[in-house]
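Right, one structure below, let's go through it.
To find a chain, count down the sequence lines: A is the first, B the second, and so on, and within it residues start at 1.
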There are 2 protein chains.
Amino acid sequence: MAAKNNEKSAELTTEERIKEAARKVFHRKGFAATRTRDIADEAGINLALLNYYFRSKEKLFEIIMLETLFGFMQSLALIMNDEKSTLQTKVEQIASGYIDFIIENPNVPLFMLSEIRANSGGLMNKLPIKQMVSNSVFLKQHRKAVEEGKIAEPHPLHFLMNLLGLIVFPFIGKPLLQGISGVSDHQFKKLMMQRKKYIPVWINAMMKIR
Amino acid sequence: MAAKNNEKSAELTTEERIKEAARKVFHRKGFAATRTRDIADEAGINLALLNYYFRSKEKLFEIIMLETLFGFMQSLALIMNDEKSTLQTKVEQIASGYIDFIIENPNVPLFMLSEIRANSGGLMNKLPIKQMVSNSVFLKQHRKAVEEGKIAEPHPLHFLMNLLGLIVFPFIGKPLLQGISGVSDHQFKKLMMQRKKYIPVWINAMMKIR
DNA sequence: GTCTATAGGGGGATAGAC
DNA sequence: GTCTATCCCCCTATAGAC
């Protein structure tokens, strides 16, 4: 298989090109609004090939959805389960890492949240997300900090909602916020970069981590 | 017109029933995923009536979209332009008002943000949102507070992003957050009610309003 | 105003040549 | 593996009876 590969090795296989095109289009328009023809055009291939490789639009979508969800949660889980880093450090890493990630993949958050909603979270049960988090070092550290009086609010979900809300919402709400404020794309990105430093400070002040 | 109305006056006209049904279905599934048949069924009327009253799916959608956007922005604008209330009070009113509103209309935020994105904000320009905010009392108060050193971060957009993020994100991310944490609907709502009190305190601590 | 029936078109999927 | 041609269903919209 590898030995016979005398095609331009730097490029992608047809199957991979279709998948990349599908990721792009699904992320931008969501499942319902994308047509298989959009994906075929984006990939520069014939429509029939999509079904040849992936059987159906649904199958292809499910692959993209699971990979996207997994990619998003995995980096969260890795940071959250670092035994060596403090809670404060975890917040810094999550803020910085996700802001960079979303700047590179601006459509992912709204895509994920919309499609999870559309499927009533059915697909989410295919990933062991809950265990990943409920046994996490992050949660243990949070519990300990609460016991020691270092964090004011007892429920860890508030902590997570605040952190993710501060990180993710500006991107999800970008068109609305730009419509309201009139800031340019360039200014907007600059503000987002600022937030990498601000968010840990804000979370610190809010949750009274001492 | 009013004198001749001897139909059951407590009920809605057919036109209104279609619009209410459309609002419900569009809010839940978005434009691309809703079929006109869904709306007709929800309204309990024949499919042809939809076109009789509203000409097309697009026209009907545009009406719903504009009303939704307007309703959402109007309450924000009203609070933001109150000359008598302080910045701190405005934050309390916005947090409390919007959390109540979203509990009643849980699909509105994701609907709005998804459809604004899909239309690249084209529809937003039909409403004078920018002026509404750029001339607001809120903005004047924010500027003054920054000048007096009462607010640490100079850019008002951070203030708005933080406030809206803390309010809106938990609802948008509800399926994900429940998948992660396993909290029930009842517990979730309780947490949201808590946030009506918490968010003003948090914003206060974050932005160092003195 | 409200219904039934149907036109018309778009989009997912497949057959079959190459 | 990749293409062309085509099927067929589903969805929007309209015609026309009542």
Could you walk me through whether B:Asp185 and B:Lys174 satisfy the side chain to side chain contact (heavy atoms under 4.5 Å, CB included) test, starting with their C-alpha distance in whole Å, then the side-chain angles of each, then the deciding distance to 0.1 Å, before giving a yes or no? CA-CA 9 Å; B:Asp185 281 356; B:Lys174 188 185 173 197; 3.4 Å; yes
Please lay out, stage by stage, how B:Ile39 and B:Leu47 fare under the test side chain to side chain contact (heavy atoms under 4.5 Å, CB included). CA-CA 8 Å; B:Ile39 297 173; B:Leu47 175 56; over 6 Å; no
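Between the C1' atom of C:dG12 and the CZ atom of A:Phe26 lies a distance of 12 Å, rounded to the nearest Å. Atom CZ in B:Arg17 sits about 13 Å away from atom C1' in C:dG1, given to the nearest Å. Regarding B:Lys59, its NZ atom lies at a distance of 17 Å from the P atom of D:dT12, rounded to whole Å. For A:Arg35 and C:dG11, the CZ to P distance is 4 Å, given to the nearest whole Å. When the P atom of C:dG11 is taken as reference, atom CG of A:Asp41 falls 11 Å away, rounded to whole Å. Here C:dG11 presents its C1' atom at 12 Å from CD1 of A:Ile39, a figure rounded to the nearest Å. Between the CG atom of B:Asp38 and the P atom of D:dC10 there is a distance of 14 Å, given to the nearest Å.
Between the side chains of B:Glu92 and B:Thr89, no donor N or O sits under 3.5 Å from an acceptor N or O. Between the side chains of B:His158 and A:Gln194, at least one donor N or O sits under 3.5 Å from an acceptor N or O.
The side chain of B:Leu49 approaches C:dC3 more closely than any other nucleotide in the set D:dT2, D:dT12, C:dC3.
Considering CG of B:Leu160 and CE of B:Met80, their distance stands at 5.0 Å, rounded to 0.5 Å.
For residues 57-76 of chain B, the set of pairs meeting the side chain to side chain donor-acceptor pair (under 3.5 Å) definition, not counting sequence neighbours, comprises B:Lys19-B:Glu67, B:Arg23-B:Glu67, B:His27-B:Thr68, B:Glu62-B:Lys126, B:Ser75-B:Tyr98.
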Would you list the protein and nucleotides 13-18 of chain C atom pairs, both N or O, that sit under 3.5 Å from each other?
residue: C:dA13; atom: OP2; partner: A:Lys57; partner atom: N; Å: 2.8

